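Below is one structure, written out as structure tokens; comments come after it.
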Protein chains: 2
Amino acid sequence: MHTAGVTLQQVAQQAGVSLATASRVLHGSGSRTVGEELRRRVEAAAQELRYVSNAPAQALARATSDVVGLIVHDVADPYFGAIAAGAMRAAREQRLMVMIAATFREPGLELEYLRSLRAQRARAVILAGSGTADADATARLAEEIAGFEADGGRVVCVGERGPDLDTVVMANRGGGGLAARGLWDLGHRRIGVVSGPAELLTVRHRLDGARRALRSLGAPLAPDAVTVGDFTREGGRVAAVRLLRARPDLTAVLVLNDVMAAGALAGLRDDLGLAVPDRVSVVGFDDVPFAADLRPALSTVRLPLEAAGEAAVRLLLEPSGDEPRRVALAAELVLRDSTATTVG
Amino acid sequence: MHTAGVTLQQVAQQAGVSLATASRVLHGSGSRTVGEELRRRVEAAAQELRYVSNAPAQALARATSDVVGLIVHDVADPYFGAIAAGAMRAAREQRLMVMIAATFREPGLELEYLRSLRAQRARAVILAGSGTADADATARLAEEIAGFEADGGRVVCVGERGPDLDTVVMANRGGGGLAARGLWDLGHRRIGVVSGPAELLTVRHRLDGARRALRSLGAPLAPDAVTVGDFTREGGRVAAVRLLRARPDLTAVLVLNDVMAAGALAGLRDDLGLAVPDRVSVVGFDDVPFAADLRPALSTVRLPLEAAGEAAVRLLLEPSGDEPRRVALAAELVLRDSTATTVG
DNA sequence: CTGTTAGCGCATTCAA
DNA sequence: TTGAATGCGCTAACAG
């Protein structure tokens, strides 16, 4: 394979210059330290021979590459799709290639892919999935990260993973609070939560934010007002139905991500026959693109997903300082049609 | 950067064996031609030193890599998200890394990324975006593809790009026909089409399929019953509104992708006040995940997106034969709530 | 400004 | 089965 490749050497020969000169012309970093004439000859030769540079060889010689890895749970999930889109847009401006790995939520895979990216000598890795509360997994990951950084690689997290990592944090707690207070302001006093898997830090923070807000409002979240489901549409449907069967008195429910909220909307309507927002108000989380197209249009906590992806790339380009860097991105409550006032 | 990396050489030394032996143990392709004792020693040394292999060096030495490129228009688009998810799942089984490049629909970028992937010595590239009817762009792309293949790389397309490329074709024409006939069977006789950009081959084929079906049914598509919009939600909204203002007599409209259909549904309802499906039936195309969550739930032509991604990866693993290979995937009409019978 | 030279880390002959 | 030697294509001193 890859036998017929034209080499820099051949280009140099054809142009009648040395290998070094050809390298300077074709890959030289801006500092144009090559004469006009030779430069032209090299470019002509490269053109004529259809030269394509060999990135692995460059990576080997330079001990660094133009690849950045992006590890997500699932590319088909709009949440990660948006983050990836932002990251790729920013990467393009820096002429970086993005290598995406999807763990499909298998915990071990994250580690495996990080290792793989490390083998690729990726310049940096963005960890976009939520961290988990599993201490063992976290420790092993931390070790791998340390190794990667020791080799000169950069690691940036989107979402909380640990205090000494550069990270882009979105206001999960803040967003949870925003949603709870929003519902409260609408008059709701019996509010429930459809949560995702408790190991996910993102979920914990969102729930925690809501919990605190409610407590400070004087209406602490009762244990049976919280139910847990898979972080999927189906998980949202099942959990929402379960919650409202157990607590039919609830007038509002906060669902901790939009994909689950889509399922919740379906479940409340089809399985339970409860009108949204007349009988129950629903608030989602993330504001993924399709949220506004659900009926009723989903009220939700908007997170700047694309911006987070961009910020992550920007962060990994800055030289890593002595202090871990953090970029905080705010959340915003978007009220659409799935929420209404209530008299209680 | 990447200075501290442990090398194979060091592992060999620590294990008291030669570089070659260490290489055979750690990277040898199955054929276990190394003695039990030495093997153990090498593995122990690698473990202890936390050795991570250097993929670029391997790529250079063996002149091939474990990277496959995937070029899409937009990762945030659920259509490509699904294809990417399928491809990544299949890639994982083969221990391949997927490098995704997003062109954001800029035509020139596709070429640039293909070139970049070629520079990476990617083992193969999957071209997932629709081809275009622009002869010049197509020719330049063909040239780049030929170069890539000449170097031993494999190229697989998802969607039609040319007769001599290995490709996974989804039934775009067939799906267009299915939709048209489905509407016809529901009693619709005045059917319109909201199309996407005419340069996209995918769009052409879908439209063509619908056109043919309608003609053979004895109700050829009138020129003013077809309108073109951007391949986005907003494009769908605007185009649908325009179409139904121009042809208020239409009782059904086929929208050539689901994202546009979401916009069309919104436009019909909010801008025009037309009830779907009572006044107008709407059929989308693709069956992306959120289609069933739109209200009314979108009737659409289902394409096996994930399967296409998987098929593409499988295709590029088979040795390329003398004849270009083609995998054909069928479409299926899914009737939900956005379509109804009509007497009109 | 340009050329010479010495590796980068690894796979792979070829001998032993 | 194992080891020594060679080169993959390129960059980065260094020397001129």
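Heavy-atom basis, side chains included; hydrogens, waters and symmetry copies ignored. Order of the sequence lines sets the chain letters (A, B, ...), proteins ahead of strands, with each chain counted from 1. On a predicted model such as this, the values are computed, not experimentally measured, just so you know.
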With respect to the side chain of S18(A), which nucleotide from dC10(D), dT4(C), dC10(C) is positioned closest? dT4(C)

Could you give the angle between the helix axes at the two ends of the helix from dC1(C)-dG16(D) to dA16(C)-dT1(D), with five pairs per end, rounded to 10 degrees? 30°

Show the distances under 3.5 angstrom between N or O atoms of the protein and N or O atoms of nucleotides 5-8 of chain C.
none

Side-chain N or O of [X] closer than 4.0 Å to phosphate OP1/OP2 of [N]:
{"X": "T21(A)", "N": "dT2(C)", "value": "no"}
{"X": "S23(B)", "N": "dA11(C)", "value": "yes"}
{"X": "Q58(B)", "N": "dC10(C)", "value": "no"}

With side chain to side chain donor-acceptor pair (under 3.5 Å) as the rule and sequence neighbours excluded, what pairs involving residues 127-142 of chain B come up? S130(B)-T202(B)

[X] has an atom [atom1]; how far is it from atom [atom2] of [N], in whole Å?
{"X": "L49(A)", "N": "dG9(D)", "atom1": "CG", "atom2": "P", "result": "14 Å"}
{"X": "L8(B)", "N": "dG3(D)", "atom1": "CG", "atom2": "P", "result": "13 Å"}
{"X": "D151(A)", "N": "dG9(C)", "atom1": "CG", "atom2": "P", "result": "11 Å"}
{"X": "Q9(B)", "N": "dA4(D)", "atom1": "CD", "atom2": "C1'", "result": "11 Å"}
{"X": "Q13(B)", "N": "dT2(D)", "atom1": "CD", "atom2": "P", "result": "18 Å"}
{"X": "E36(A)", "N": "dC1(C)", "atom1": "CD", "atom2": "P", "result": "11 Å"}

Is the count of non-hydrogen atoms from other residues, nucleotides or ligands lying under 6.0 Å from R40(A) atom CZ greater than 12? yes

Do other residues, nucleotides or ligands put more than 12 heavy atoms under 6.0 Å from E37(B) CD? yes

Check ring pair (Phe, Tyr, Trp, His ring centres under 6.0 Å) between F80(A) and all other residues, then give those that pass, not counting sequence neighbours. H73(A)

Tightest non-hydrogen contact, residues A22(B) and L8(B), listed as CB-CD2, 3.5 Å

Where do V67(B) and M99(A) come nearest, in terms of heavy atoms and distance? CG2-CE, 3.4 Å

Option from V169(A), I145(A), L141(A) for which side-chain contact (heavy atoms from CB on, under 4.5 Å) with R161(A) holds: L141(A)

Among all residues two or more places apart in sequence or in another chain, which pass the salt bridge (Lys or Arg N to Asp or Glu O under 4.0 Å) test with R89(A)? E306(A)

Going by modelled atom types, is there a donor-acceptor pair between the base of dG3(C) and the side chain of R24(A) at under 3.5 Å? yes

Which pairs, with at least one residue in residues 63-78 of chain B and sequence neighbours excluded, count as a salt bridge (Lys or Arg N to Asp or Glu O under 4.0 Å)? D66(B)-R123(B), D77(B)-R105(B)

